[in-house]
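The sequence lines fix the lettering, A, B, ..., with proteins before strands; numbering per chain opens at 1. Quick caveat: nothing in here was measured; it's all calculated off a predicted structure.
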2 protein chains.
Amino acid sequence: MGLSYAEENYLKAILKLSGSPDGTVSTNAIAAQLDTSAASVTDMLKKLSDKELITYQRYKGASLSEEGQRVATSLLRKHRLWEVFLVQSLGMTWDEVHEIAEELEHIQSDRLIERLDNFLGHPKFDPHGDPIPNKQGRYTLRAQIPLSTLVSGQSGMIIGVKEDDSPFLKHLNDKGLSIGKIVRVLTIDEYDHGLLLRMEGDDVVLSGQVADHILVKPVA
Amino acid sequence: MGLSYAEENYLKAILKLSGSPDGTVSTNAIAAQLDTSAASVTDMLKKLSDKELITYQRYKGASLSEEGQRVATSLLRKHRLWEVFLVQSLGMTWDEVHEIAEELEHIQSDRLIERLDNFLGHPKFDPHGDPIPNKQGRYTLRAQIPLSTLVSGQSGMIIGVKEDDSPFLKHLNDKGLSIGKIVRVLTIDEYDHGLLLRMEGDDVVLSGQVADHILVKPVA
DNA sequence: AATATTTTTTAGATTAATCTAAATTGAGCT
DNA sequence: AGCTCAATTTAGATTAATCTAAAAAATATT
């Protein structure tokens with residue numbers, strides 16, 4: 001028997017919040033992540049615990065079991081593969097694909113996903129620069145650091161973002177920033193940490209907060 | 001606000017059963033189609049009527065409203081476009097795509113569907129030979145007749161099937177029958193109406209019932 | 001250590017979709 | 001017109017997921 005959308009979303013939230021695949025997560029943190037009440041979370045944690053998808057102790061929080069990790073990682077894999085498809089094949093923009101992938105990730109068919117993976121050429125990263133777990137749930141970690149940590153004169157290739165929300169991604173798009181682009185830091189404001197960047201000849205101004213949420217790979 | 005999966009499935013069932021986009025459908029027919037109880041159907045018909053997606057009169061049956069037709073046809077469009085994608089792009093077989101498309105058709109995004117349609121080259125028919133409604137809900141009807149109506153010596157190109165269920169499609173696959181193949185009727189059994197066909201040099205035997213569910217376009 | 005605060009859980013209700021069993025309606029047949 | 005029977009609807013329950021408000025446990029503060 002498959003899991004419900006709700007159950008799957010809880011597992012994803014726990015994986016996301018635990019950061020490390022292991023690690024325990026509080027009821028309130030999950031409630032905030034899923035924008036629901038703590039009481040609902042408690043109910044669901046009991047159910048997931050009964051199904052042995054998580055380890056749960058009253059008042060102590062929850063962590064994914066082996067099986068729970070498997071399921072959650074598989075959802076991540078599906079989500080990210082669909083995002084690649086939407087951007088690469090259908091030509092959608094990276095700021096509009098997240099919500100659609102949020103629905104597509106629940107489609108039930110292992111065969112479909114393996115075919116899709118093959119069709120896309122086994123990509124290792126999604127359009128936001130996040131790594132795509134392989135069939136076994138393993139994924140490469142990429143050397144990525146916030147753009148805000150570069151020093152004046154240094155260059156970096158944009159490989160991802162920390163925030164997934166649409167307004168933020170749209171903001172980047174508007175500035176011409178996207179995956180693969182190489183930027184060079186011209187100046188950094190000492191007071192507010194705002195950046196002046198040069199990208200493909202154009203100069204772009206970026207606030208410190210925004211630069212903090214853009215991930216780059218340093219380039220020689 | 002979008003509709004629930006359940007509501008969408010009822011609209012699809014009504015469209016399918018009414019044959020002609022108009023035409024009224026009985027409670028029991030819907031219950032049989034969706035493999036549910038008549039009582040459940042009554043509940044749902046009331047709800048859909050409140051939302052003005054159908055016209056419904058107690059004890060008299062239901063028919064789609066303008067808006068209901070729009071929604072149901074759009075579902076058909078999505079279902080069939082996804083089937084084309086699964087077969088054409090991912091290389092799946094026509095007997096395994098129906099159930100997956102059954103899930104994919106509920107994904108909410110008009111932009112996604114228009115992009116997919118474009119990506120696929122605006123196909124007019126799905127892998128089962130069924131016409132794909134355009135954005136406005138209109139679709140071409142193709143001159144298609146059951147294989148069982150051909151007479152001895154006549155040839156036809158396979159363009160579709162009446163049954164969508166997997167065992168049936170698998171059966172055809174096993175016999176080497178698929179969309180686009182041209183078959184010639186060699187003999188027809190007078191007693192049980194079984195057929196002997198020639199296809200690409202090979203001879204294939206088919207029961208009358210099966211031939212009745214295969215759609216062909218007569219070929220000179 | 002005792003108290004105050006925060007977090008989490010329990011209790012009790014609600015909504016959507018479904019079920020079974022019983023009552024009602026409509027249609028066909030003498 | 002009256003009767004019978006199938007089709008349909010109503011009544012009353014059930015399950016999953018959610019909510020609010022109140023109680024209980026854990027944590028922090030004095």
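When rounded to the nearest whole Å, the span between OH of B:Tyr56 and P of D:dA7 equals 16 Å. Look at CG on B:Leu3: it is 14 Å from C1' on C:dA16, rounded to the nearest Å. The distance between atom CG of B:Leu34 and atom P of C:dC19, rounded to the nearest whole Å, is 10 Å. Remark: C1' of C:dT8 and CE of A:Met44 are 17 Å apart, rounded to the nearest angstrom. Rounded to an integer number of Å, the gap from A:Leu48 CG to D:dT18 C1' is 15 Å. Here the P atom of nucleotide C:dT9 and the CG atom of A:Leu45 are 7 Å apart, to the nearest Å. The interatomic distance linking B:Asn9 (CG) with C:dT18 (P) rounds to 9 Å, in whole Å.
Every salt bridge (Lys or Arg N to Asp or Glu O under 4.0 Å) that A:Asp174 has, sequence neighbours left out, goes to A:Lys170. Scanning for ring-ring contact (aromatic ring centres under 6.0 Å, His included) contacts around A:Tyr10 gives an empty result, with sequence neighbours left out. Partners of A:Lys51 according to the salt bridge (Lys or Arg N to Asp or Glu O under 4.0 Å) rule, which considers only residues two or more places apart in sequence or in another chain, are A:Glu7. Looking at residues two or more places apart in sequence or on another chain, you find a side chain to side chain donor-acceptor pair (under 3.5 Å) between B:Glu114 and B:Arg77.
Ring geometry, A:Phe168 versus A:His213: the interplanar angle exceeds 60°, so the pair is classed perpendicular (tilted spans 30 to 60°). Between A:Phe85 and B:Trp82, the two ring planes are tilted [angle within 30° to 60°].
The residue B:Tyr5 sits apart from the nucleic acid: no heavy atom pair falls under 4.0 Å. At a threshold of 4.0 angstrom between heavy atoms, the contacts of B:Thr27 are confined to the sugar-phosphate backbone, with no base atom among them.
Between A:Lys60 and B:Val41, the residue anchored closer to the 5' end of DNA chain D is B:Val41, taking for each the nucleotide with the nearest heavy atom.
Ranking D:dT8, D:dC19, C:dT8 by closeness to the B:Thr42 side chain, first place goes to D:dT8. Between D:dT18, C:dT20, C:dT9, one nucleotide has an atom nearer to the side chain of B:Ser37 than all others, and that is C:dT20. Across D:dT8, C:dT10, D:dT20, the shortest atom-to-atom separation from the side chain of B:Asn28 is found for D:dT8.
Taking only side-chain nitrogens and oxygens, B:Tyr10 comes nearer than 4.0 Å to OP1 or OP2 of C:dT18. The phosphate of D:dT18 has neither OP1 nor OP2 within less than 4.0 Å of any side-chain N or O from A:Thr36.
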Review item, nucleotides 21-24 of chain C N/O atoms under 3.5 Å of protein N/O:
{"from": "C:dT24", "atom 1": "O2", "to": "B:Tyr59", "atom 2": "OH", "distance (Å)": "3.4"}

Dump every N/O contact between nucleotides 12-15 of chain D and the protein below 3.5 Å, one line per pair.
none

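Here side chain to side chain donor-acceptor pair (under 3.5 Å) pairs that include residues 29-41 of chain A, with residues two or more places apart or in two chains, are A:Ser37-A:Ser40. Listed by first and then second residue, the salt bridge (charged side-chain N to carboxylate O under 4.0 Å, His left out) pairs involving residues 78-91 of chain B are B:Arg80-B:Asp126 (not counting sequence neighbours). Sorted by first and then second residue, the salt bridge (charged side-chain N to carboxylate O under 4.0 Å, His left out) pairs with a member in residues 100-109 of chain A read A:Lys12-A:Glu102, A:Lys12-A:Glu105; sequence neighbours excluded.
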- [ ] Test B:Ile54 against B:Ile14 for side chain to side chain contact (heavy atoms under 4.5 Å, CB included), laying out the working first.
- [x] CA-CA 9 Å; B:Ile54 62 171; B:Ile14 296 170; 4.0 Å; yes

